[in-house]
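Worth saying up front: this structure is predicted, and the values here are computed from it rather than measured. What you see below is based on every heavy atom in this structure, not just the backbone, and it leaves out hydrogens, waters and symmetry mates. All chains are named by letter (A, B, ...) in the order of the sequence lines, taking the proteins before the strands, and each is independently numbered beginning at 1.
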Amino acid sequence: ETGVTQTPRHLVMGMTNKKSLKCEQHLGHNAMYWYKQSAKKPLELMFVYNFKEQTENNSVPSRFSPECPNSSHLFLHLHTLQPEDSALYLCASSQGDLGRYEAFFGQGTRLTVV
Amino acid sequence: GNSVTQMEGPVTLSEEAFLTINCTYTATGYPSLFWYVQYPGEGLQLLLKATKADDKGSNKGFEATYRKETTSFHLEKGSVQVSDSAVYFCALSQPIYNQGGKLIFGQGTELSVKP
């Protein structure tokens, strides 16, 4: 148990579907992150939230829409995705300053777009 | 911009062999450096870290030394076990002004240890 829980663990969706990924942490952290992990590529940072405010959007297409209603929950809303969006989506949280504090990762959601 | 480069895998070793996974970085300023490990079907876990030049991070028999002169942070272990089979990620922290920071990862190196 890492303290960061992601649901669902697996998701298959069509290109016209709308779905959401959920991330929850009860570690008292104030920063949360979405990463995309594709085969044979480095982890790509997508979004950063600090104290519920989005502080980084790493040129992510608008078909990915994050939401952070409070410091414990983070969502990634998906619509009209492409097959190349198939990947493992990882959520992470940290106390804040990643130079001093560890990032805790969830187990990820394996997304397949058909 | 900041970046991390790791040796390509997969790396296949026999049990009790010596492990080195190379990692070099490009960064402005003075980042902290990390090794994360991802076991099959799991998320990433912090393995060790170093926050300044010449620091040595260590955990579970793994070690890495922050070498500013060679911009490297190579991971080593003297005697690997089958249970060490996983994907290893080198990373650096890049500050976001007044907002903590973010992690920049290398592409990962898969390690397979055979009995």
When the 4.5 angstrom heavy-atom criterion is applied to A:Arg9 and chain B, the contacting part is side chain

In terms of heavy-atom proximity below 4.5 Å to chain A, should B:Gln6 be classed as side chain, backbone, both, or neither? neither

B:Tyr30 portion near chain A, given a 4.5 angstrom heavy-atom threshold: neither

Which bit of A:Leu90 comes within less than 4.5 Å of chain B, counting heavy atoms only: side chain, backbone, both or neither? side chain

Show your reasoning for whether salt bridge (charged side-chain N to carboxylate O under 4.0 Å, His left out) applies to A:Arg63 and A:Asp85. CA-CA 10 Å; A:Arg63 57 185 184 270; A:Asp85 296 322; 2.7 Å; yes

Checking ring pair (Phe, Tyr, Trp, His ring centres under 6.0 Å) for the pair B:Phe73/B:Phe34: CA distance, chi angles, key distance, verdict? CA-CA 8 Å; B:Phe73 193 56; B:Phe34 307 82; 8.2 Å; no

Please state whether the side chain, the backbone, both or neither of A:Glu44 comes within less than 4.5 Å of a heavy atom of chain B. neither

How far apart are the C-alpha atoms of A:Glu67 and A:Leu74, what are their side-chain angles, what is the distance that settles it, and do they pass the side-chain contact (heavy atoms from CB on, under 4.5 Å) test? CA-CA 6 Å; A:Glu67 179 189 2; A:Leu74 184 65; over 6 Å; no

Can you confirm whether the side chains of B:His74 and B:Glu76 place a donor and an acceptor under 3.5 Å from each other? no

Taking the six-membered ring for Trp and the full ring for Phe, Tyr or His, determine whether the centres of B:Phe105 and A:Tyr35 are under 6.0 Å apart. yes

